[in-house]
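Some notes on the structure that comes next.
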Amino acid sequence: MLKTAAANPFALMVNPEVVLQAVERSERLARLSSRICRPLDKPLIPKTDEAEVALYDDAIESDEDAV
């Protein structure tokens with residue numbers, strides 16, 4: 001049944017139980033590693049010291065004045 005269902009994508013919509021059984025039996029899918037991503041998590045961007053940023057900005061601005 002799975003071979004004919006895979007040949008006809010509409011058969012997959014009619015009989016989704018066959019698809020779920022095939023997914024559960026699949027060794028390749030079982031070996032995949034999973035990772036849960038939550039879109040509302042904060043990004044893992046390191047925080048910078050504001051004083052360092054100010055010094056960098058001043059250095060850039062002073063270089064522009066020299067040009």
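Remember, predicted model here, so these are calculated numbers, not experimental data.
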Partners of [X] by side-chain contact (heavy atoms from CB on, under 4.5 Å), sequence neighbours excluded?
{"X": "D49", "result": "A51, E52"}
{"X": "L20", "result": "none"}
{"X": "V14", "result": "none"}
{"X": "R31", "result": "R28"}

Interatomic spacing from OG in S34 to CG in L29 - rounded to 0.5 Å: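 Here the rounded value is 12.0 Å.
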Any sub-3.5 Å donor-acceptor pair from S62's side-chain atoms to D58's backbone N or O?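 Yes; judged by distance alone, with no hydrogens or angles, the pair exists.
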